[in-house]
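These notes concern the structure reproduced below.
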Amino acid sequence: MQPLKIYNTYTRDISLFTPISEPFVGIYLCGPTVYGNPHMGHVRGPVVFDVLHRYLKHIGYKVRLVRNITDVGHLVNDSDEGEDKIAKKARLEQLEPMEVAQFYTNAYHSMLNQLNVLPASIEPRASGHIIEQIEMIETIIANGYAYESNGSVYFDVLKYSKNNDYGKLSGRVLEDLIAGAGNEVRELEGQEEKRNPNDFALWKKAGPEHIMQWSSPWGNGFPGWHIECSAMSKKYLGAQFDIHGGGMDLLFPHHESEIAQSTACTHQNPANYWMHHNMVTINGQKMAKSLNNGIGVDEFFAGNHALLEKAYTPMTLKFFILQAHYRGTLDFSNAALQAAEKGLSRLLAAHQTLQNITPSSASTIQVDDLLNKCYAALNEDLNTPILIAHLFDIVTNINYLAAGKQTITAEDLEKLKTGYETFVFDILGLQAEKSNNNSHLDGVVKMLLDMRVEAKANKNFALSDDIRTKLTALGIEIKDGKEGSSYSIN
RNA sequence: GGUCGAAUGGCCGAGUGGCUAGGCAAAGCUCUGCAAAAGCUUCUACAGCGGUUCGAAUCCGCUUUCGACCUCCA
């Protein structure tokens with residue numbers, strides 16, 4: 001088993017990953033709220049945690065990955081009178097609330113498929129676990145850490161913090177939170193029902209305008225934002241599991257509250273390792289609706305957004321994300337994306353080259369050393385940029401081998417092939433781009449390339465160059481190689 | 001205002017005390033009828049000012065700039 005070290009937000013250090021019950025690993029990821037099309041901010045989490053998922057499996061763990069779908073309980077905006085976010089959208093579109101949730105769940109799955117992200121073991125929906133959430137709330141009340149007020153149930157943060165470190169995960173001090181820090185006072189609905197402004201809702205009373213509501217011991221309502229993750233992680237992974245992941249924006253209050261709820265219910269901190277990926281910016285600015293720079297995933301792949309110079313493929317996006325470490329911010333720009341696009345194609349081209357290497361009686365390159373460096377990079381808190389740097393070292397060596405500047409034995413060659421494919425395809429989850437050429441076009445272009453070869457053979461360079469120039473003008477680039485000509489469509 | 005984090009070469013982005021990633025771009029070379037593609041080579045940076053040290057991008061302090069979060073709200 002590889003010694004994987006990961007950064008734990010809870011302890012704020014990098015430590016060796018040790019599962020509770022080897023070889024089993026339980027992971028819970030906070031999934032999307034399905035009320036809109038996935039945008040660029042939604043892709044990073046799935047991609048970085050996919051590498052974690054794939055790597056754990058590769059080094060021999062049996063992983064259960066749970067990623068929820070949030071389809072209840074979120075509000076449209078502050079001006080809204082507490083109407084469920086999904087219900088609001090449903091009314092506008094004249095659709096059933098669950099139809100809206102399903103529509104955007106499908107869109108999310110489509111994105112994951114395009115990015116070649118492995119499916120979750122279990123993908124529970126909040127709306128399908130109302131009973132579990134109610135039971136958990138009842139236990140928390142029975143344990144004395146929550147109270148009912150006017151049909152809603154709130155978590156008693158002050159009481160909890162007497163015996164527990166509320167704020168440890170997100171690095172907050174409750175006294176500071178209570179003080180309010182002097183910023184503008186936010187108008188939160190139901191604030192007067194709370195014993196303390198820091199208390200958060202476990203269950204919220206629903207008015208008649210709520211299309212999505214359920215009956216409960218406290219009347220009709222819907223679950224609070226945080227309780228679904230606590231209830232579903234407990235159900236499928238147990239009161240205590242290995243890794244809980246999500247975006248840094250969820251640190252507070254979401255994950256902090258999860259810890260408080262779960263601890264108040266089960267007397268255990270739910271997760272041993274808390275992992276958080278950083279956020280995405282574009283051209284140095286944060287993505288925000290007000291800046292009109294939020295890019296939908298579909299727009300990104302189609303290239304039809306004002307900030308995009310061209311379309312980028314899912315694999316380019318994935319490779320681009322993995323070229324940065326997951327705990328740093330990541331800036332989108334056309335220049336950076338095009339750099340990633342070219343780098344990726346070089347990485348994939350080397351895989352093709354590797355297939356044509358002829359073995360020798362001796363190796364002049366150190367295959368074990370090259371591959372061990374790749375493992376070491378991932379073991380150091382999933383450092384994919386370092387891994388990719390080492391893969392490019394391998395690329396250079398592959399090209400040396402192809403040029404005859406280095407030699408390799410058959411045994412080492414096999415090891416190199418297997419290792420390279422393991423890292424590129426199995427662990428990073430990259431794949432060759434699907435060719436979207438239709439067979440008619442392919443046949444026509446190949447015919448023109450054949451004619452060009454013939455013209456060149458006859459020293460009719462005027463004709464051969466004419467074919468090249470006209471194809472280039474159509475966006476078809478000719479690449480002459482030793483083995484003949486190929487082309488790509490730009 | 002508070003808390004946390006970040007500032008690296010033309011661009012992106014690793015690196016936590018000496019051995020100074022990687023990708024893209026650029027330049028040179030190889031290949032080639034020419035060009036492109038592909039491959040090889042080259043390109044020594046760490047926001048500013050102090051300090052610690054034999055030695056700092058890396059540790060400490062201050063300054064500047066930027067980002068995330070600050071409770072039902074993506």
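Letters A, B, ... are given to chains in the order of the sequence lines, protein chains preceding strands, and every chain is numbered from 1. Please read these numbers as outputs of a predicted model, since none were measured by experiment.
Interface remark: the Asp465(A) side chain does not form any donor-acceptor pair with the rA35(B) base, using a distance-only criterion of under 3.5 Å. Between the side chain of Arg12(A) and the base of rC4(B), no donor-acceptor pair under 3.5 Å is found.
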Atom pairs, N/O to N/O, protein against nucleotides 29-31 of chain B, distance under 3.5 Å?
none

Where do N or O atoms of nucleotides 22-28 of chain B meet protein N or O atoms at under 3.5 Å, pair by pair?
from, atom 1, to, atom 2, distance (Å)
rG23(B), OP1, Arg346(A), NH1, 3.3
rA25(B), OP1, Lys342(A), NZ, 2.9

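For residues 344-355 of chain A, the side-chain hydrogen bond (donor to acceptor under 3.5 Å, both in side chains) pairs, not counting sequence neighbours, are His351(A)-Gln355(A), His351(A)-Glu421(A). Within the structure, salt bridge (charged side-chain N to carboxylate O under 4.0 Å, His left out) contacts touching residues 321-330 of chain A (residues at least two apart or in different chains) are Arg327(A)-Asp381(A). Identified under the side-chain hydrogen bond (donor to acceptor under 3.5 Å, both in side chains) test for residues 370-380 of chain A, with sequence neighbours left out: Gln2(A)-Asn379(A), Lys5(A)-Glu380(A), Tyr55(A)-Asn379(A), His58(A)-Tyr375(A).
Counting to the nearest Å, the C1' atom of rA14(B) and the CD1 atom of Ile321(A) are 17 Å from each other.
Counting only heavy atoms from C-beta on, Arg468(A) has its side chain closest to rA35(B) among rA68(B), rG33(B), rA35(B).
Residue Asn278(A) has no polar side-chain atom (N or O) positioned under 4.0 Å from OP1 or OP2 of rA6(B). For Tyr400(A) and rU41(B), the shortest distance from a side-chain N or O to OP1 or OP2 is below 4.0 Å.
Helical stems in RNA chain B, defined as runs of 3 or more consecutive Watson-Crick or G-U wobble pairs with both donor-acceptor distances under 3.5 Å, are listed by first residue as B:1-7 with B:64-70, B:10-12 with B:22-24, B:26-30 with B:38-42, B:47-51 with B:59-63.
Classification of the His42(A)-His39(A) ring pair by plane angle, with boundaries at 30° and 60°, yields tilted.
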